[in-house]
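Residues take their numbers from the sequence shown, with the count starting at 1. Both ligands and their constituent atoms are indexed starting at 1 by order of listing.
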Amino acid sequence: MDIYRIKGGGALSGEVKISGAKNAALPIIVASLLADGETTLKNIPDLKDIRTMLEVIQCLGAEYDFNTEKNTLRIRISSIKNAELPYELVKTMRASYYVMGPLLARTGEADVSLPGGCAIGERPMDIHLSGFEALGAEISLEHGYVKARTSSLRGSEFKMRAVSVGATANLMMAAVLTKGKTVLENCAMEPDIVDLGNFLMKMGAKISGLGTERIEIEGVKKLDPVTYTIIPDRIEAGTYLIASAATRGSVTITGAMPEHVGACMSALSEMGFTIESGRDWVSIRPSKALKGTVIRTMPYPGFPTDLQAPIMALATIIPGINVVIETIFERRFTHVAELRRMGADITVEGSVVIIKGVKKLMSAPVMMSDLRAGAALVVAALAAQGETEIRRIYHCDRGYERLDEKLTLLGAAITRVKGGGL
Ligand code: EPZ
(Lines give C-alpha, C1' and ligand atoms only; values in the text may rest on other atoms or scores of the structure.)
Protein backbone atom coordinates (compact mmCIF):
# COMPACT_ATOMS: atom_id res chain seq x y z
CA MET A 1 0.00 0.00 0.00
CA ASP A 2 1.11 3.57 -0.67
CA ILE A 3 2.29 5.81 2.15
CA TYR A 4 3.00 9.53 2.51
CA ARG A 5 6.34 10.85 3.69
CA ILE A 6 5.98 14.43 4.84
CA LYS A 7 8.86 16.62 5.99
CA GLY A 8 7.17 19.18 8.20
CA GLY A 9 7.98 22.65 9.39
CA GLY A 10 7.83 24.70 6.17
CA ALA A 11 5.12 27.33 5.74
CA LEU A 12 2.69 26.62 2.89
CA SER A 13 2.28 29.44 0.42
CA GLY A 14 0.58 30.15 -2.88
CA GLU A 15 -2.75 29.34 -4.48
CA VAL A 16 -4.69 26.10 -4.62
CA LYS A 17 -7.77 25.39 -6.72
CA ILE A 18 -10.62 23.61 -5.00
CA SER A 19 -12.16 20.54 -6.68
CA GLY A 20 -15.82 19.64 -7.03
CA ALA A 21 -17.67 18.60 -3.88
CA LYS A 22 -17.56 14.84 -3.23
CA ASN A 23 -20.66 14.88 -1.06
CA ALA A 24 -22.68 16.77 -3.68
CA ALA A 25 -21.36 14.69 -6.57
CA LEU A 26 -22.25 11.33 -4.96
CA PRO A 27 -26.05 11.84 -4.71
CA ILE A 28 -26.12 13.75 -8.01
CA ILE A 29 -24.49 10.82 -9.83
CA VAL A 30 -27.16 8.56 -8.35
CA ALA A 31 -29.94 11.03 -9.19
CA SER A 32 -29.01 10.71 -12.86
CA LEU A 33 -30.72 7.28 -12.64
CA LEU A 34 -34.00 9.19 -12.49
CA ALA A 35 -33.93 10.13 -16.19
CA ASP A 36 -33.40 8.02 -19.30
CA GLY A 37 -30.83 9.41 -21.73
CA GLU A 38 -27.44 11.05 -21.30
CA THR A 39 -26.60 13.22 -18.30
CA THR A 40 -23.38 15.27 -18.32
CA LEU A 41 -21.84 16.26 -15.00
CA LYS A 42 -18.98 18.76 -14.81
CA ASN A 43 -16.53 19.44 -11.99
CA ILE A 44 -16.68 15.83 -10.80
CA PRO A 45 -13.60 15.15 -8.65
CA ASP A 46 -11.50 12.11 -9.52
CA LEU A 47 -11.80 10.25 -6.21
CA LYS A 48 -12.01 6.68 -5.03
CA ASP A 49 -15.56 7.23 -3.69
CA ILE A 50 -16.68 8.60 -7.06
CA ARG A 51 -15.25 5.49 -8.78
CA THR A 52 -17.14 3.31 -6.32
CA MET A 53 -20.38 5.18 -7.04
CA LEU A 54 -19.81 4.66 -10.76
CA GLU A 55 -19.53 0.90 -10.12
CA VAL A 56 -22.76 1.15 -8.15
CA ILE A 57 -24.76 2.77 -10.95
CA GLN A 58 -23.15 0.46 -13.50
CA CYS A 59 -24.39 -2.48 -11.44
CA LEU A 60 -27.92 -1.07 -11.85
CA GLY A 61 -27.64 -0.71 -15.64
CA ALA A 62 -25.98 2.69 -16.27
CA GLU A 63 -23.09 3.22 -18.69
CA TYR A 64 -20.56 5.97 -18.13
CA ASP A 65 -17.54 7.70 -19.48
CA PHE A 66 -15.40 9.69 -17.01
CA ASN A 67 -12.92 12.16 -18.50
CA THR A 68 -10.66 12.71 -15.50
CA GLU A 69 -8.55 15.37 -17.28
CA LYS A 70 -11.64 17.51 -17.70
CA ASN A 71 -13.48 16.23 -14.61
CA THR A 72 -16.47 15.58 -16.84
CA LEU A 73 -18.70 12.57 -16.44
CA ARG A 74 -21.25 11.34 -18.95
CA ILE A 75 -23.85 8.88 -17.71
CA ARG A 76 -26.22 7.01 -20.02
CA ILE A 77 -29.36 5.32 -18.79
CA SER A 78 -31.59 3.30 -21.10
CA SER A 79 -33.32 1.32 -18.38
CA ILE A 80 -32.77 0.19 -14.81
CA LYS A 81 -31.76 -3.44 -15.21
CA ASN A 82 -31.27 -4.44 -11.62
CA ALA A 83 -32.70 -3.26 -8.30
CA GLU A 84 -30.27 -5.09 -6.02
CA LEU A 85 -27.07 -3.68 -4.64
CA PRO A 86 -24.72 -6.30 -3.14
CA TYR A 87 -22.82 -6.19 0.15
CA GLU A 88 -19.46 -5.90 -1.68
CA LEU A 89 -20.37 -2.44 -2.95
CA VAL A 90 -22.22 -1.12 0.11
CA LYS A 91 -19.44 -2.18 2.49
CA THR A 92 -16.93 -0.25 0.35
CA MET A 93 -18.95 2.93 0.64
CA ARG A 94 -22.05 3.46 2.71
CA ALA A 95 -23.28 6.32 0.49
CA SER A 96 -24.20 3.54 -1.98
CA TYR A 97 -27.53 3.46 -0.14
CA TYR A 98 -28.45 6.63 -2.05
CA VAL A 99 -29.69 4.30 -4.81
CA MET A 100 -32.72 3.37 -2.69
CA GLY A 101 -34.59 6.61 -3.42
CA PRO A 102 -34.24 6.52 -7.23
CA LEU A 103 -34.77 2.73 -7.40
CA LEU A 104 -38.02 2.93 -5.43
CA ALA A 105 -39.23 5.86 -7.50
CA ARG A 106 -38.50 4.18 -10.82
CA THR A 107 -39.00 0.47 -10.24
CA GLY A 108 -40.99 0.19 -6.99
CA GLU A 109 -38.32 -2.03 -5.48
CA ALA A 110 -34.88 -1.77 -3.96
CA ASP A 111 -32.75 -4.44 -2.30
CA VAL A 112 -29.73 -2.88 -0.70
CA SER A 113 -27.34 -4.52 1.70
CA LEU A 114 -27.64 -2.82 5.10
CA PRO A 115 -24.40 -0.96 5.79
CA GLY A 116 -22.65 -1.94 9.00
CA GLY A 117 -21.03 0.49 11.45
CA CYS A 118 -17.90 2.32 10.37
CA ALA A 119 -14.84 4.01 11.83
CA ILE A 120 -16.80 7.13 12.83
CA GLY A 121 -19.75 5.48 14.55
CA GLU A 122 -22.72 3.18 14.27
CA ARG A 123 -24.50 5.30 11.63
CA PRO A 124 -27.98 3.77 11.46
CA MET A 125 -30.32 4.39 8.49
CA ASP A 126 -33.66 4.31 10.34
CA ILE A 127 -34.57 7.85 9.19
CA HIS A 128 -34.20 6.90 5.52
CA LEU A 129 -36.35 3.82 6.06
CA SER A 130 -39.15 5.46 8.05
CA GLY A 131 -39.23 8.18 5.38
CA PHE A 132 -39.69 5.57 2.62
CA GLU A 133 -42.45 3.98 4.72
CA ALA A 134 -44.17 7.36 5.03
CA LEU A 135 -44.08 7.56 1.21
CA GLY A 136 -45.80 4.18 0.99
CA ALA A 137 -43.01 1.61 0.78
CA GLU A 138 -42.97 -1.62 2.74
CA ILE A 139 -39.63 -2.29 4.34
CA SER A 140 -38.24 -5.58 5.56
CA LEU A 141 -34.82 -6.78 6.59
CA GLU A 142 -33.76 -10.16 5.18
CA HIS A 143 -30.31 -11.76 5.40
CA GLY A 144 -28.60 -8.41 5.91
CA TYR A 145 -30.48 -6.75 3.05
CA VAL A 146 -33.05 -3.97 3.33
CA LYS A 147 -35.89 -4.83 0.97
CA ALA A 148 -38.21 -1.99 0.00
CA ARG A 149 -41.32 -2.62 -2.09
CA THR A 150 -44.17 -0.43 -3.28
CA SER A 151 -46.89 -0.63 -5.93
CA SER A 152 -46.66 3.14 -6.14
CA LEU A 153 -45.24 5.76 -3.82
CA ARG A 154 -47.56 8.61 -2.75
CA GLY A 155 -46.78 12.14 -1.63
CA SER A 156 -46.81 12.50 2.14
CA GLU A 157 -45.63 14.61 5.09
CA PHE A 158 -42.60 13.36 6.99
CA LYS A 159 -40.62 14.92 9.82
CA MET A 160 -37.13 13.50 10.28
CA ARG A 161 -36.37 12.71 13.95
CA ALA A 162 -32.86 14.17 13.50
CA VAL A 163 -31.18 16.18 10.77
CA SER A 164 -29.67 13.73 8.29
CA VAL A 165 -27.90 14.70 5.07
CA GLY A 166 -28.25 11.21 3.61
CA ALA A 167 -31.94 10.78 4.49
CA THR A 168 -32.83 14.23 3.14
CA ALA A 169 -31.13 13.40 -0.17
CA ASN A 170 -32.58 9.89 -0.41
CA LEU A 171 -36.14 11.05 0.31
CA MET A 172 -35.88 13.95 -2.14
CA MET A 173 -34.80 11.53 -4.86
CA ALA A 174 -37.71 9.22 -4.02
CA ALA A 175 -40.26 12.03 -3.95
CA VAL A 176 -39.51 13.88 -7.21
CA LEU A 177 -41.28 11.24 -9.33
CA THR A 178 -43.93 10.45 -6.70
CA LYS A 179 -47.52 11.43 -7.35
CA GLY A 180 -48.79 14.25 -5.13
CA LYS A 181 -47.07 16.60 -2.73
CA THR A 182 -44.34 15.52 -0.31
CA VAL A 183 -43.39 17.74 2.61
CA LEU A 184 -40.10 16.91 4.35
CA GLU A 185 -39.42 18.56 7.71
CA ASN A 186 -36.25 18.92 9.76
CA CYS A 187 -34.25 18.69 6.52
CA ALA A 188 -30.50 19.07 6.20
CA MET A 189 -29.53 22.49 4.84
CA GLU A 190 -26.06 21.50 3.62
CA PRO A 191 -24.93 23.03 0.29
CA ASP A 192 -24.68 19.44 -1.02
CA ILE A 193 -28.44 19.07 -0.54
CA VAL A 194 -29.12 22.39 -2.24
CA ASP A 195 -26.89 21.30 -5.13
CA LEU A 196 -28.77 18.01 -5.46
CA GLY A 197 -32.06 19.94 -5.42
CA ASN A 198 -30.85 22.38 -8.09
CA PHE A 199 -29.80 19.44 -10.25
CA LEU A 200 -33.19 17.76 -9.83
CA MET A 201 -34.97 21.03 -10.64
CA LYS A 202 -32.90 21.44 -13.79
CA MET A 203 -34.13 17.93 -14.74
CA GLY A 204 -37.70 19.17 -14.31
CA ALA A 205 -38.45 18.41 -10.65
CA LYS A 206 -40.71 20.78 -8.69
CA ILE A 207 -39.01 21.55 -5.39
CA SER A 208 -39.27 24.52 -3.03
CA GLY A 209 -37.61 25.31 0.29
CA LEU A 210 -34.07 24.12 -0.57
CA GLY A 211 -31.59 25.29 2.04
CA THR A 212 -34.33 25.50 4.69
CA GLU A 213 -35.66 22.99 7.22
CA ARG A 214 -38.82 22.37 5.18
CA ILE A 215 -38.65 21.09 1.62
CA GLU A 216 -41.79 20.71 -0.49
CA ILE A 217 -41.83 18.52 -3.58
CA GLU A 218 -44.62 18.28 -6.12
CA GLY A 219 -44.15 14.98 -7.96
CA VAL A 220 -43.76 15.06 -11.76
CA LYS A 221 -44.28 12.22 -14.25
CA LYS A 222 -40.87 12.31 -15.89
CA LEU A 223 -37.46 13.93 -15.57
CA ASP A 224 -35.08 14.76 -18.42
CA PRO A 225 -31.30 14.33 -18.56
CA VAL A 226 -29.32 17.60 -18.32
CA THR A 227 -25.82 19.05 -18.13
CA TYR A 228 -24.89 20.28 -14.66
CA THR A 229 -21.82 21.63 -12.83
CA ILE A 230 -21.13 20.47 -9.25
CA ILE A 231 -20.33 23.06 -6.53
CA PRO A 232 -16.81 23.34 -5.09
CA ASP A 233 -15.92 21.18 -2.09
CA ARG A 234 -16.25 23.22 1.12
CA ILE A 235 -14.53 20.52 3.20
CA GLU A 236 -11.52 20.41 0.90
CA ALA A 237 -11.48 24.23 1.00
CA GLY A 238 -11.53 24.21 4.82
CA THR A 239 -8.82 21.56 4.96
CA TYR A 240 -6.38 23.69 2.90
CA LEU A 241 -7.12 26.78 5.05
CA ILE A 242 -6.47 24.72 8.18
CA ALA A 243 -3.27 23.19 6.72
CA SER A 244 -2.04 26.67 5.88
CA ALA A 245 -2.85 27.85 9.41
CA ALA A 246 -1.00 24.91 10.97
CA THR A 247 2.17 25.75 9.04
CA ARG A 248 1.69 29.51 9.71
CA GLY A 249 1.59 29.89 5.94
CA SER A 250 -0.18 32.28 3.55
CA VAL A 251 -2.46 30.45 1.15
CA THR A 252 -5.30 31.49 -1.14
CA ILE A 253 -7.90 28.94 -2.12
CA THR A 254 -9.54 29.64 -5.48
CA GLY A 255 -12.58 28.30 -7.31
CA ALA A 256 -14.34 28.14 -3.93
CA MET A 257 -17.65 29.40 -2.58
CA PRO A 258 -16.64 31.39 0.53
CA GLU A 259 -20.26 31.48 1.76
CA HIS A 260 -20.05 27.69 2.27
CA VAL A 261 -16.89 27.93 4.38
CA GLY A 262 -18.24 30.54 6.84
CA ALA A 263 -18.08 28.48 10.04
CA CYS A 264 -14.51 27.39 9.34
CA MET A 265 -13.43 30.95 8.50
CA SER A 266 -15.00 32.18 11.78
CA ALA A 267 -13.21 29.52 13.84
CA LEU A 268 -9.86 30.38 12.24
CA SER A 269 -10.47 34.12 12.80
CA GLU A 270 -11.29 33.44 16.45
CA MET A 271 -7.96 31.64 16.76
CA GLY A 272 -6.34 34.83 15.47
CA PHE A 273 -5.66 34.10 11.80
CA THR A 274 -6.29 36.82 9.26
CA ILE A 275 -8.89 35.76 6.71
CA GLU A 276 -9.94 37.64 3.61
CA SER A 277 -12.36 36.54 0.93
CA GLY A 278 -13.74 37.61 -2.43
CA ARG A 279 -16.31 36.19 -4.84
CA ASP A 280 -14.62 32.79 -5.30
CA TRP A 281 -11.52 32.89 -3.13
CA VAL A 282 -10.44 32.90 0.51
CA SER A 283 -6.98 33.74 1.79
CA ILE A 284 -5.42 33.10 5.17
CA ARG A 285 -2.38 34.62 6.90
CA PRO A 286 -0.96 33.97 10.35
CA SER A 287 -0.87 36.59 13.06
CA LYS A 288 1.31 36.91 16.13
CA ALA A 289 -1.51 36.70 18.66
CA LEU A 290 -3.03 33.25 18.35
CA LYS A 291 -5.36 31.83 21.00
CA GLY A 292 -7.60 28.88 21.73
CA THR A 293 -11.31 28.78 20.98
CA VAL A 294 -14.37 26.55 21.35
CA ILE A 295 -15.59 24.58 18.32
CA ARG A 296 -18.89 22.71 18.33
CA THR A 297 -19.77 20.61 15.29
CA MET A 298 -23.32 21.19 14.07
CA PRO A 299 -25.40 20.59 10.95
CA TYR A 300 -24.86 23.29 8.30
CA PRO A 301 -24.46 26.25 8.67
CA GLY A 302 -22.65 25.21 11.86
CA PHE A 303 -19.06 23.97 12.00
CA PRO A 304 -18.89 20.76 9.90
CA THR A 305 -18.06 17.47 11.58
CA ASP A 306 -15.95 16.70 8.50
CA LEU A 307 -13.49 19.43 9.57
CA GLN A 308 -13.44 18.46 13.24
CA ALA A 309 -10.37 16.22 12.91
CA PRO A 310 -8.30 18.62 10.75
CA ILE A 311 -9.01 21.61 13.02
CA MET A 312 -8.15 19.52 16.07
CA ALA A 313 -4.74 18.85 14.51
CA LEU A 314 -4.30 22.62 14.15
CA ALA A 315 -5.53 23.23 17.72
CA THR A 316 -2.72 21.07 19.12
CA ILE A 317 -0.24 23.84 18.24
CA ILE A 318 -2.31 26.91 19.12
CA PRO A 319 -1.22 28.47 22.45
CA GLY A 320 -3.72 27.99 25.30
CA ILE A 321 -6.76 25.76 25.50
CA ASN A 322 -9.05 24.72 22.64
CA VAL A 323 -12.27 22.81 23.23
CA VAL A 324 -13.85 20.70 20.48
CA ILE A 325 -17.35 19.28 20.97
CA GLU A 326 -18.50 16.64 18.47
CA THR A 327 -22.29 16.53 18.31
CA ILE A 328 -22.89 14.64 15.03
CA PHE A 329 -21.03 11.32 15.33
CA GLU A 330 -20.53 9.58 18.65
CA ARG A 331 -16.94 8.43 18.25
CA ARG A 332 -15.26 10.37 15.53
CA PHE A 333 -11.99 10.63 17.43
CA THR A 334 -9.72 7.96 15.96
CA HIS A 335 -7.20 10.68 15.05
CA VAL A 336 -6.68 11.56 18.74
CA ALA A 337 -4.42 8.63 19.60
CA GLU A 338 -2.31 9.25 16.49
CA LEU A 339 -1.99 12.98 17.24
CA ARG A 340 -0.90 12.10 20.79
CA ARG A 341 1.89 9.97 19.28
CA MET A 342 3.10 13.16 17.63
CA GLY A 343 3.23 14.96 20.98
CA ALA A 344 -0.26 16.49 21.19
CA ASP A 345 -1.83 17.11 24.60
CA ILE A 346 -5.44 15.98 24.18
CA THR A 347 -8.02 14.83 26.73
CA VAL A 348 -11.28 13.24 25.61
CA GLU A 349 -14.31 13.29 27.90
CA GLY A 350 -17.28 11.79 26.05
CA SER A 351 -17.99 14.07 23.14
CA VAL A 352 -15.85 16.89 24.55
CA VAL A 353 -12.17 17.14 23.67
CA ILE A 354 -9.78 19.46 25.47
CA ILE A 355 -6.63 20.36 23.61
CA LYS A 356 -3.75 22.10 25.36
CA GLY A 357 -1.51 23.76 22.78
CA VAL A 358 2.09 22.52 22.62
CA LYS A 359 4.98 24.43 21.01
CA LYS A 360 5.72 21.80 18.34
CA LEU A 361 4.50 18.43 17.17
CA MET A 362 7.13 15.78 16.45
CA SER A 363 7.15 13.37 13.54
CA ALA A 364 6.12 9.78 14.24
CA PRO A 365 4.89 6.85 12.17
CA VAL A 366 1.09 7.18 12.10
CA MET A 367 -1.88 5.56 10.41
CA MET A 368 -5.11 6.89 8.88
CA SER A 369 -8.33 5.31 10.06
CA ASP A 370 -10.85 7.31 8.04
CA LEU A 371 -10.88 10.09 5.49
CA ARG A 372 -10.98 13.16 7.74
CA ALA A 373 -8.83 11.58 10.46
CA GLY A 374 -6.37 11.08 7.62
CA ALA A 375 -6.56 14.75 6.65
CA ALA A 376 -5.84 15.62 10.30
CA LEU A 377 -2.64 13.57 10.21
CA VAL A 378 -1.52 15.30 7.01
CA VAL A 379 -2.13 18.69 8.67
CA ALA A 380 -0.17 17.59 11.76
CA ALA A 381 2.68 16.18 9.69
CA LEU A 382 3.00 19.38 7.64
CA ALA A 383 3.48 21.32 10.88
CA ALA A 384 5.63 18.79 12.75
CA GLN A 385 9.36 18.70 13.25
CA GLY A 386 10.98 15.90 11.24
CA GLU A 387 9.70 13.44 8.66
CA THR A 388 6.37 11.74 9.30
CA GLU A 389 5.36 8.52 7.59
CA ILE A 390 1.60 8.14 7.18
CA ARG A 391 0.12 4.75 6.37
CA ARG A 392 -3.26 3.70 4.96
CA ILE A 393 -3.46 6.82 2.83
CA TYR A 394 -6.13 5.16 0.69
CA HIS A 395 -8.55 6.80 3.13
CA CYS A 396 -7.52 10.24 1.84
CA ASP A 397 -7.79 9.03 -1.77
CA ARG A 398 -11.50 8.61 -1.11
CA GLY A 399 -12.10 12.31 -0.66
CA TYR A 400 -9.15 14.59 -1.57
CA GLU A 401 -8.33 14.94 -5.25
CA ARG A 402 -4.55 14.87 -5.95
CA LEU A 403 -3.78 15.83 -2.34
CA ASP A 404 -0.01 15.37 -2.62
CA GLU A 405 0.21 17.26 -5.93
CA LYS A 406 -1.78 20.20 -4.60
CA LEU A 407 0.27 20.35 -1.39
CA THR A 408 3.51 20.15 -3.39
CA LEU A 409 2.37 23.19 -5.39
CA LEU A 410 1.98 25.00 -2.05
CA GLY A 411 5.58 24.15 -1.19
CA ALA A 412 5.04 21.11 1.04
CA ALA A 413 7.71 18.40 1.15
CA ILE A 414 5.34 15.47 0.60
CA THR A 415 6.09 12.27 -1.29
CA ARG A 416 3.73 9.45 -2.09
CA VAL A 417 5.71 6.22 -1.85
CA LYS A 418 4.12 3.48 -3.94
CA GLY A 419 3.83 0.23 -2.01
CA GLY A 420 5.72 1.88 0.87
CA GLY A 421 4.00 0.07 3.74
CA LEU A 422 1.03 -1.85 5.09
C1 EPZ B 1 -23.03 12.79 5.29
O2 EPZ B 1 -23.10 11.49 5.87
C3 EPZ B 1 -21.66 12.89 4.69
N4 EPZ B 1 -21.50 11.84 3.70
C5 EPZ B 1 -20.60 12.75 5.77
O6 EPZ B 1 -19.34 12.97 5.17
C7 EPZ B 1 -20.83 13.82 6.84
O8 EPZ B 1 -19.92 13.62 7.90
C9 EPZ B 1 -22.26 13.74 7.38
O10 EPZ B 1 -23.21 13.81 6.26
C11 EPZ B 1 -22.61 14.85 8.35
O12 EPZ B 1 -22.41 16.09 7.76
C13 EPZ B 1 -21.94 12.05 2.47
O14 EPZ B 1 -22.50 13.09 2.13
C15 EPZ B 1 -21.72 10.97 1.48
P16 EPZ B 1 -26.11 12.04 8.35
P17 EPZ B 1 -24.52 10.90 6.31
O18 EPZ B 1 -27.17 11.12 7.89
O19 EPZ B 1 -25.53 11.34 5.35
C20 EPZ B 1 -27.50 9.93 12.41
C21 EPZ B 1 -17.03 12.57 4.84
O22 EPZ B 1 -16.00 12.50 5.56
N23 EPZ B 1 -28.46 9.18 11.58
O24 EPZ B 1 -26.31 13.51 8.21
O25 EPZ B 1 -24.33 9.46 6.56
C26 EPZ B 1 -26.06 9.56 12.10
O27 EPZ B 1 -25.66 8.40 12.78
C28 EPZ B 1 -18.34 11.99 5.31
O29 EPZ B 1 -17.04 13.06 3.70
C30 EPZ B 1 -29.37 8.33 12.19
O31 EPZ B 1 -29.39 8.19 13.42
O32 EPZ B 1 -24.72 11.64 7.69
C33 EPZ B 1 -25.33 10.81 12.55
O34 EPZ B 1 -25.15 10.78 13.94
C35 EPZ B 1 -18.30 10.97 6.31
N36 EPZ B 1 -30.27 7.63 11.41
C37 EPZ B 1 -26.31 11.93 12.21
O38 EPZ B 1 -27.59 11.30 12.08
C39 EPZ B 1 -30.28 7.78 10.06
O40 EPZ B 1 -31.13 7.14 9.41
C41 EPZ B 1 -26.00 12.67 10.91
O42 EPZ B 1 -25.80 11.71 9.88
C43 EPZ B 1 -29.37 8.64 9.45
C44 EPZ B 1 -28.45 9.34 10.22
Please determine whether side-chain contact (heavy atoms from CB on, under 4.5 Å) holds for the pair L407 and V378, giving the CA-CA distance in whole Å, both sets of side-chain angles, and the decisive distance to 0.1 Å. CA-CA 10 Å; L407 285 172; V378 172; 3.7 Å; yes
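The shortest N/O to N/O separation between E190 and ligand 1 does not fall below 3.5 Å. For ligand 1, the polar-atom distance check finds no N/O of L26 at less than 3.5 Å from any of the ligand's N/O atoms. The shortest N or O to N or O distance between R372 and ligand 1 is below 3.5 Å.
With K406 contributing its side chain and K17 its backbone, the two residues share a donor-acceptor pair below 3.5 Å.
Atoms of ligand 1 found under 4.0 Å from any heavy atom of R161 (numbered from 1 in listed order, with element): 30 (C), 31 (O), 36 (N). Residue Y97 approaches ligand 1 through these ligand atoms, each under 4.0 Å from one of its heavy atoms: 25 (O). Close contacts between ligand 1 and K22 involve ligand atoms 21 (C), 29 (O) [criterion: under 4.0 Å to a heavy atom]. The contact set between ligand 1 and G166, taken as ligand atoms under 4.0 Å from a residue heavy atom, comprises 18 (O), 19 (O). Against a heavy-atom cut-off of under 4.0 Å, D126 is close to the following atoms of ligand 1: 30 (C), 31 (O), 36 (N), 39 (C), 40 (O). Under a 4.0 Å criterion applied to the non-hydrogen atoms of H128, ligand 1 contributes the atoms 40 (O).
Of the residues listed (R398, E401, M53), the one engaging L47 in a side chain to side chain contact (heavy atoms under 4.5 Å, CB included) is E401, and it is the only one. Checking each of I355, L307, L268 against L314 for a side chain to side chain contact (heavy atoms under 4.5 Å, CB included) leaves exactly one that passes, namely L268.
Residue contact check for ligand 1: L371 places a non-hydrogen atom closer than 4.0 Å to it. Residue contacts with ligand 1: E330 is excluded, as none of its non-hydrogen atoms falls under 4.0 Å.
Taken to the nearest 0.5 Å, the CG atom of L73 stands 6.0 Å off from the CZ atom of F66.
Residue I127 holds the heavy atom nearest to atom 40 (O) of ligand 1 of all those in T305, I235, I127. Among P124, S164, G374, the residue whose heavy atom lies closest to atom 39 (C) of ligand 1 is P124. Between the choices F329, Y98, Y300, the shortest heavy-atom distance to atom 42 (O) of ligand 1 belongs to F329.
Counted by atom type alone, T39 and S32 present zero donor-acceptor pairs between their side chains at under 3.5 Å. Under the 3.5 Å distance criterion, with hydrogens and angles disregarded, no donor-acceptor pair is assigned to the side chains of S363 and E387. Donor-acceptor pairing under 3.5 Å is lacking for the side chains of Y300 and D192.
When non-hydrogen atoms are compared, ligand 1 lies under 4.0 Å from neither the backbone nor the side chain of M298. Counting heavy atoms under 4.0 Å from ligand 1, residue I328 touches it through both backbone and side chain. Heavy atoms of H395 found under 4.0 angstrom from ligand 1: none, in either backbone or side chain. At a heavy-atom distance under 4.0 Å, no atom of R94 approaches ligand 1. With a heavy-atom cut-off of 4.0 Å, D306 touches ligand 1 through its side chain alone.
Within 6.0 Å of atom CZ in R296, 12 or fewer heavy atoms from other residues, nucleotides or ligands are found, so the atom counts as exposed in its surroundings. More than 12 heavy atoms of other residues, nucleotides or ligands sit less than 6.0 Å from atom CZ of R149.
Closest non-hydrogen pair, V163 versus A188, comes out as CG1-CA, 3.6 Å.
Remark: K179 pairs with no residue by the side-chain hydrogen bond (donor to acceptor under 3.5 Å, both in side chains) rule, at least two apart or across chains.
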